[in-house]
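Here is how names work: the chains are called A, B, and so on, in the same order as the sequence lines, proteins then strands, and each is numbered from 1. As the structure is a computational prediction, the values presented were derived from the model and not from experiment.
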Amino acid sequence: MEKFMNKLSESILDKFSMDFLRNQVLKNAYGNDDTMIAKMDPRILLVWYLYFALVPWFSDDVVFLIGCFLLVAVTTILAKVAGLVLCLFILGVFSQTGYLFLVTFLFGGDGSSVFPLLVLTVKVATVSLASITVFSGLDPDRLSNGLMWFGCPERLSFSIAYAYRILPMLMEEFQNVLLSFRLRGNPPKQTGVISKIKYLAYQIQVLIHSFYPLMLNTAKRSRTTVEALEIKGYRYAANNKIIKKMKLAQLKVQVDDLLFLVLSFLWVSIVVLISTLI
Amino acid sequence: MTQIKIENLSYSYPGSKDKVLKQIHLEIEKGEFIAIVGNNGCGKSTLCKVLNGLIPHFIPGNFEGSALIDGLDTKMVDVGILSKAVGYVYQDFENQIVRPTVLDDASYACLNYGMVDYLKKGREALSMCGLNDKEADYVFQLSGGQLHLLALAGAVALGPDILILDEPIAQLDPAHAMIIYEVLKKLNQEYNKTIIVIEHHTEYIAEYCSHVILMDAGKIKWKLPVKEAMVRVEELKRSNIYPPQVTQAAFRLKELGIYPWNKNLPITAREAVRSFCALLPEKERKKVFITKEEQNSTECIRFEQVEVTYRSVKGEAKTVFDKLNIKIHAGEHIALIGTNGAGKSTFMKLLTGLIKPKSGAVYIQGRATRKLKTEDLAREIAYVYQNPEEMFIKDSIRNDIAYAMQVRNVEQWERKTEELLEKFHLTSLAERDGRLLSGGQMRRASLAIGIALNPSILLLDEPTANLDIATRKEIMRTLTEMKEVTDTVLIATHDMQLVSEWADRIIVLSNGKVVADGSRESIFSDEMLLKKTGIQPPEIYQVAKQMNQSLECFNLEEFYDLFLEEVV
């Protein structure tokens, strides 16, 4: 049994390496650019998102909520969201409301107290999945263009696209700094339970210490980036309306986008219809 | 036509009284291909930033005199207008790429300046730089050489007539370096662009450039045609610039009275072969076979059927190694060579235990890495990264060197730290943060950190990359000194001079396979192998080989010996 547990924890730790994290983040950012969601017009998707991010909060109709939940679940699957993000989603929903659900149940709560919690959980889940669909499924660059169209400042949209550009570099650097600590550090031995906790504390300490060199290295890099942005006319373009228009001219609403809206609308109508009939 | 005209230019950075540039006068004609050479810190990069207007528009400071580009005073026009006249590629070029996809980055500047046909301009620039088939790729999918070409394309897209590149090939293997220079040659000859490179590799200067500017302590010493510039051997060496090996050789032979005193020194291998051949004395050359001592030393590393795959962002996992087998004995000095992306770094990371093989096993001192943690291996193995910044995890060099010993309670770690600081000439810098040191100092510090625990196996990733030649020589000297201290050393490198002077065993990796493994004699003389893997032996080796197939010279001293009378 102990052997089995050891093996299990080893394989979980192995999976949860920096390399794995890096891969998941990259997969999420770049790996799903050929899905249906990624190809959609970002403005349409943002409007769609606005509906599913707001409306569920104001409704207590279970049928309607579950209907919405099913729809965003389908779009999440369509967006081929990376496993880690989904994992975080489940963890997030659970930590928000799910545990209350469990606790109520354990302490002898009956259906009457469980029901409102279920409604809340479905609400949170629906809104979260809608966010995941839009922010993770959409190409970062298209997302930032979409935001810009709705009047978000150029600086924000540039930051989103730029963050995705430097993310792989940062992750790799972080990995190497961590490796430096591992190659030179001397972690406590893991024998008993207490030393295992000590080991965990050590790892967290190393993670915190790693940020300092990472920040300094990034600061060093950014000198070139700032100069390069100046040369590439970033500042010039930021204050120029015509150029903003040129950037947004790439956005085009296509038949697929409208079809997506119509189908979503139809589905919601059907759900509303069913809920009124019941 | 005079394209760049600098008159009486002096400049100091804000908050500093020291003048980085002192009374510079310079004229550059359209269509020239210029190399700027000089010591680290002599003002080369600063001069180039004056040309694209970053100084004084973006970086203020004390600016005197004037710089005219196509008749425009850089002080009067803004950076935007200048960037359409002067393109700039940084030494740390990956930081100047700001967009996630290739075409997007190449056309970004054109978009920002409101050019309606920005995508067309970006595509044209990509095809000029040989990246037309990468248009839709994400930036992180490109190799180091391709990234550099992309940075170049981003500059070319605006259609400037002048291109400035700060040390374009510092991080590249010879095959990729050649691609960069061929692209520059095309831009220079077909598109009539003026090219200015800051460059330490004089072999490339001799081959590609038309003129050379020598800078020293903020002044321009001279600007000369490349043929006249490269033969000023002594003057260049005083500024820590080493002319091509063939030029150095001819210069020495002239001193010895062997090379005719009235004949010009050669600067490229082609010229050299002809003039040296005539001088070669007829003498009996016994081929010296160095009989290798029997390998009876103990084995310290063994790869057994190692298979490694990487998770890829899209689709199938990528196989780096497939059934790799290799044995390394204690005390060997091994050079690991191969093109960028051949698997050298993966090889080293397998040894640190950071990457575990998917199947097969790596044994270090008889123990399989699969069962060990990286921390447990640290006693046996030290790994010095290609990028020293990532090794500085404390706030000063002293603390960085001490860290590993301190946390292990090594006896007398304070004294040992002082000794290491002394040994690597770092005592005066001990309190500084590693990141703020110069390239050579950073490298020395990273070596000191690496050997602090006295490891039996030392792994060095590109220890001479990104350094000017003088600093490189210094690091090579340090490595030779370290031969006595360290036991087994493995260096991954593109630097063939380092390989031929230092290594006693060479392992050639290509596409994740060991394609050759042996002495420098056997590797460098295998022409099929060289062609296949793009390895280029040192220039002097190639010249000797072309003079006579049976000649092998691994350094200049051996080359001089060919011409000397028999000395007993």
Quick one: which of [options] has the most heavy-atom pairs under 4.5 Å with chain B, could you say?
options                         : answer
Pro213(A), Pro187(A), Ala249(A) : Pro213(A)
Leu183(A), Val177(A), Leu167(A) : Leu183(A)
Leu214(A), Val226(A), Asn240(A) : Val226(A)
Tyr162(A), Phe181(A), Phe158(A) : Phe181(A)

For the atom pair [atom1] ([X]) and [atom2] ([Y]), what is the distance rounded to the nearest 0.5 Å?
X         : Y         : atom1 : atom2 : result
Asn95(B)  : Glu227(A) : CG    : CD    : 11.0 Å
Leu216(A) : Ile393(B) : CG    : CD1   : 13.0 Å
Met391(B) : Leu179(A) : CE    : CG    : 9.0 Å
Ile97(B)  : Ile166(A) : CD1   : CD1   : 13.5 Å

Side chain from CB out, backbone as N, CA, C, O: work out which of these in [X] comes under 4.5 Å of a heavy atom of chain A, or both, or neither.
X         : value
Gln91(B)  : neither
Asn409(B) : neither
Asp400(B) : both
Lys84(B)  : neither
Val98(B)  : both

Can any side-chain N or O of [X] pair as donor or acceptor with the backbone N or O of [Y] at less than 3.5 Å?
X         : Y         : answer
Tyr385(B) : Asn176(A) : yes
Asn112(B) : Ala237(A) : no
Lys220(A) : Arg435(B) : yes
Ser83(B)  : Gly233(A) : no

Apply the test side chain to side chain contact (heavy atoms under 4.5 Å, CB included) to residues Leu54(B) and Glu230(A): give CA-CA distance (whole Å), side-chain angles for both, the deciding distance (0.1 Å), then the verdict. CA-CA 8 Å; Leu54(B) 277 178; Glu230(A) 179 72 14; 4.3 Å; yes
Most chain A-contacting option - heavy-atom pairs closer than 4.5 Å, from Thr101(B), Leu111(B), Asp105(B):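 Option with the greatest count: Leu111(B).
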Which one, Arg99(B), Glu94(B), His57(B), Met115(B), leads in non-hydrogen pairs under 4.5 Å with chain A?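 The residue among Arg99(B), Glu94(B), His57(B), Met115(B) with the greatest pair count is Arg99(B).
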Using non-hydrogen atoms and a 4.5 Å limit, figure out which bit of Ile231(A) sits close to chain B: side chain, backbone, both or neither.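 Contact with chain B: backbone and side chain both.
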Can you tell which part of Leu229(A) gets under 4.5 Å to a heavy atom of chain B, answering side chain, backbone, both or neither?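 For Leu229(A), side-chain heavy atoms alone lie under 4.5 Å from chain B.
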Take atom [atom1] of [X] as the centre, draw a 6.0 Å sphere, and report whether it contains more than 12 heavy atoms from other residues, nucleotides or ligands.
X         : atom1 : result
Lys358(B) : NZ    : no
Phe150(A) : CZ    : yes
Lys80(A)  : NZ    : no

May I ask you to decide if the ring planes of Tyr113(B) and Tyr236(A) are parallel, tilted or perpendicular, using 30° and 60° as cut-offs?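 Rings of Tyr113(B) and Tyr236(A): tilted, as their planes differ by 30° to 60°.
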Is any side-chain heavy atom of [X] less than 4.5 Å from a side-chain heavy atom of [Y]?
X         : Y         : value
Ile449(B) : Arg184(A) : yes
Tyr118(B) : Met246(A) : yes
Phe174(A) : Glu390(B) : no
Phe392(B) : Tyr212(A) : no
Thr225(A) : Tyr90(B)  : no
Glu173(A) : Glu389(B) : no

Apply side chain to side chain contact (heavy atoms under 4.5 Å, CB included) to Asn186(A) and Met405(B), showing your working. CA-CA 9 Å; Asn186(A) 190 21; Met405(B) 295 190 279; over 6 Å; no
I'd like to know if Arg235(A) and Asp78(B) make a salt bridge, using a cut-off of under 4.0 Å between side-chain N and carboxylate O.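 Result for this pair is no, no salt bridge flagged.
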Pairing donors with acceptors under 3.5 angstrom, does anything connect the side chains of Thr224(A) and Asp92(B)?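 There is such a pair between these side chains.
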